[in-house]
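One-based numbering along the sequence shown.
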Amino acid sequence: MVSTPDEQREHGGPATHDVTNQAPPLTPYDASDDTALLEGLRREGAGWAEEDLRRLGRQAGSAQAQEWADLANRHEPELRTHDRYGNRVDEVDFHPSWHHLMRTAIAEGLAASPWADDRPGAHVVRTAGGLVWGHTEAGHGCPTSMTYAAVPALRRQPELANLYEPLLTSREYDPALREPTQKRGLLAGMGMTEKQGGSDVRTNTTTATPTAEPGVYTLRGHKWFTSAPMCDVFLVLAQAPGGLSCFLVPRVLPDGTRNPFRIQRLKDKLGNRSNASSEPEFDGTVAWLVGPEGQGVKTIIEMVNCTRLDCVMMSAALMRKSLVEAGHHARHRSAFGARLVDQPLMRNVLADLALESEAATTLTLRLAGAADRAIRGDEGEMAFRRIATAVGKYWVTKRGPAFTAEALECLGGNGYVEESGMPRHYREAPLLSIWEGSGNVNALDVLRALSREPGTAEALFGELALARGADARLDAAVTRLKDGLSEASQTTARRLVERMALTLQASLLVRHAPPTVADAFCATRLGGDWGHAFGTLPQTAGLDTIVERALPDGGRGTGAG
């Protein structure tokens, strides 16, 4: 007869299945409980949305939303090329949890709705919402990001914008595949890259042949990475008689028939598993010209600015989520006679991660503020946005993989198992550096801006000058950065952009963060008083203050969150 644990204890035997020294579930928690986020929201002119952001934060940290995130990644999308009768359908089936995530994101304005909102700060609110809702899962952020980014490109063709923009900016999620104008809301995807060129889109071989109807073409070619194929309309690049051009491709044509959009396969990716990325083949696919022939890259450049900002935002969200997980574990787990959070070495790691996370969040919101004001016609912010978004995209997304790996290590073996969610964050992190131009592409884009648009350098240094005199290390770094511009080349591009990013983050923290945070960042990232891994802050860094600012309950509470 097998005895129970209680009976074993009564007889002095081992209770082998008692669970001790494990952290309780993090959920429910408030994903908006982030001082740097809320301060940045107010600073960038969007404080009017704080109550809604806090409500979204509680929803993001709820057990239900976290379960949606887990299930959407465990039950991956499935491609159906044909129906039971042999008809070509090219549809992708998703787990219900994916639809719950999408429905919430769109209803909360995380897709294209800011383009229909005249309130100053509307685009900042969307970015802040992404930082909070990003605590769920990253895959469904792809179609919402592309839908957001499609609007400014589509405006290059007013008659198409008039038709589709009200539906793209809708807050209703309508996943059925129907004629676009018969739906309550639309999603937009993109098909830019091809197997032979990748980011070098000028080498695209997809052809666009004019029809007898003005502005209407037929496409023939094979795209390499097209996310997400269940969207209603796509912006694609193809070679027209006048050169590389941008086109709008609907999945369903105005007469209700399906446009040829043959999905050859879904990509088997490292991460981003909940999201379907596909290889579609066009063969007689009907498309409408967006912008003039031969100006495809110029037409999509505003779209690229939007999606690159979202890469920065999602990296910052992953950092914050990973930090919250690490802090929660550390304050509930004990080793060698003390809680992890109370041990100086672990506190150093958490403080270092907190610095990196706050710098990423603060820069993300500054970029969002620049985008909001640039969209409203501020020329100075246009120039700043042009260079700073590429700089932020290069650096923040580069920091993501190392950050998530260190946060995972804070959980030890507990973090290495799928149930913790940390492996999903770790696999997701590299995508943000690759999508919308890898590190080299963004570094070269910064060089291009410096050489062809002199106002961008002036805008960047004008921003840095706002912190002049506040920290000698920052002043010295800005001087070195100016001196390095004369030697800018492809060989030195990464080093140059890294310096830009660090001085920009430091200047924002010096101006807006508590002195302890700003001092630690400048001492380590600019002054060199730092090692080669996280957790190597100097003894003078004020670890307690940094951790207490970053983590709910100062990293010392006993409740979840």
Side-chain angles (χ1 to χ4, degrees), residues 111-112 115 142-143 145-165 167-169 180 186-211 213-229 231-251 253-254 259-261 278-310 375 386 435-437 441 445 448:
W115 297 105
C142 180
S145 178
M146 292 187 298
T147 302
Y148 172 69
V151 170
L154 201 58
R155 287 178 175 179
R156 298 292 297 274
Q157 205 69 35
E159 63 273 21
L160 292 177
N162 291 338
L163 183 64
Y164 291 111
E165 188 173 326
L167 294 166
L168 290 169
T169 58
L186 298 179
L187 294 174
M190 300 175 190
M192 306 298 169
T193 61
E194 296 180 6
K195 62 177 71 72
Q196 78 288 341
S199 295
D200 187 7
V201 294
R202 295 187 186 278
T203 64
N204 280 6
T205 61
T206 296
T207 58
T209 304
T211 68
E213 185 177 350
V216 181
Y217 295 66
T218 57
L219 306 185
R220 190 170 192 274
H222 188 148
K223 292 294 180 180
W224 190 233
F225 267 98
T226 296
S227 296
C231 291
D232 303 287
V233 296
F234 293 82
L235 289 174
V236 305
L237 292 175
Q239 299 288 356
L244 188 67
S245 307
C246 183
F247 296 90
L248 178 77
V249 175
R251 285 294 312 270
L253 295 171
N259 209 3
F261 194 98
S278 68
E279 291 179 37
E281 185 177 83
F282 302 146
D283 191 6
T285 304
V286 182
W288 279 258
L289 182 66
V290 179
E293 266 197 20
Q295 295 190 24
V297 173
K298 186 176 181 179
T299 299
I300 67 168
I301 195 66
E302 178 66 14
M303 181 177 70
V304 172
N305 280 332
C306 293
T307 50
R308 284 182 176 174
L309 172 58
D310 279 5
I375 289 165
R386 169 68 182 88
W435 189 40
E436 291 305 339
V441 171
D445 192 39
R448 189 178 302 111

Item to check | For T307, side-chain contact (heavy atoms from CB on, under 4.5 Å) partners two or more places apart | outcome: S145, A149, M190, W435, E436
Item to check | Partner set under salt bridge (Lys or Arg N to Asp or Glu O under 4.0 Å) for R156, not counting sequence neighbours | outcome: none
Next on the checklist: F234: which residues meet the ring-ring contact (aromatic ring centres under 6.0 Å, His included) condition with it, sequence neighbours left out?
Outcome noted: F261
Next on the checklist: If the condition is ring-ring contact (aromatic ring centres under 6.0 Å, His included), which residues does Y217 pass it with, not counting sequence neighbours?
Outcome noted: F247
Side-chain polar contacts of residues 281-291 - donor-acceptor pairs under 3.5 angstrom, sequence neighbours left out - could you list them?
residue: D283; atom: OD1; partner: R220; partner atom: NE; Å: 3.4
residue: T285; atom: OG1; partner: P260; partner atom: O; Å: 2.5
residue: T285; atom: OG1; partner: D283; partner atom: N; Å: 3.2

Next on the checklist: Once side-chain contact (heavy atoms from CB on, under 4.5 Å) is applied, do any residues pair with E159, and if so which ones, sequence neighbours excluded?
Outcome noted: Q157
Item to check | Sequence neighbours excluded - salt bridge (charged side-chain N to carboxylate O under 4.0 Å, His left out) pairs with any residue from residues 192-207 | outcome: E194-K223
Checklist entry - Who are the salt bridge (Lys or Arg N to Asp or Glu O under 4.0 Å) partners of R448, not counting sequence neighbours? => result D445
Item to check | Min side-chain heavy-atom separation L244-V201 under 4.5 Å | outcome: yes
Checklist entry - Restricting to pairs with a member in residues 232-245, which pass side chain to side chain donor-acceptor pair (under 3.5 Å), not counting sequence neighbours? => result K183-D232
Item to check | Audit row: W115, L168, side chain to side chain contact (heavy atoms under 4.5 Å, CB included) steps and yes/no | outcome: CA-CA 9 Å; W115 297 105; L168 290 169; over 6 Å; no
Item to check | Worked verdict on T211 versus T218 for side chain to side chain contact (heavy atoms under 4.5 Å, CB included) | outcome: CA-CA 7 Å; T211 68; T218 57; 3.9 Å; yes
Checklist outcome for this item: Applying side-chain contact (heavy atoms from CB on, under 4.5 Å) to A111 and not counting sequence neighbours gives I106, T144, T147
Item to check | Partners passing side-chain hydrogen bond (donor to acceptor under 3.5 Å, both in side chains) against Y148 (at least two apart in sequence or in another chain) | outcome: H123
Item to check | Non-hydrogen atoms of Q196 and T205 that approach each other most closely | outcome: NE2-N, 3.7 Å
Checklist entry - Where do V233 and V249 land on the side chain to side chain contact (heavy atoms under 4.5 Å, CB included) test, with the steps shown first? => result CA-CA 5 Å; V233 296; V249 175; over 6 Å; no
Checklist entry - Does the side chain of T226 come within less than 4.5 Å of M192's, by heavy atoms? => result no
Checklist entry - Ignoring hydrogens and geometry, is there a side-chain-to-backbone donor-acceptor pair from T193 to S199 under 3.5 Å? => result no
Checklist outcome for this item: All heavy atoms of P241 vs all of A208, minimum pair found to be CD-O, 3.5 Å
Sequence neighbours excluded and cut-off under 3.5 Å, please list the side-chain donor-acceptor pairs for residues 298-306, or say none.
residue: T299; atom: OG1; partner: Q295; partner atom: O; Å: 2.7
residue: E302; atom: OE1; partner: R385; partner atom: NH1; Å: 3.4
residue: E302; atom: OE2; partner: R385; partner atom: NH1; Å: 2.9
residue: E302; atom: OE2; partner: R385; partner atom: NH2; Å: 3.1

Item to check | Full working for side chain to side chain contact (heavy atoms under 4.5 Å, CB included) between L160 and E165 | outcome: CA-CA 8 Å; L160 292 177; E165 188 173 326; over 6 Å; no
Next on the checklist: Which heavy atom of C246 sits nearest to which heavy atom of L235, and what is that distance?
Outcome noted: SG-CD2, 4.1 Å
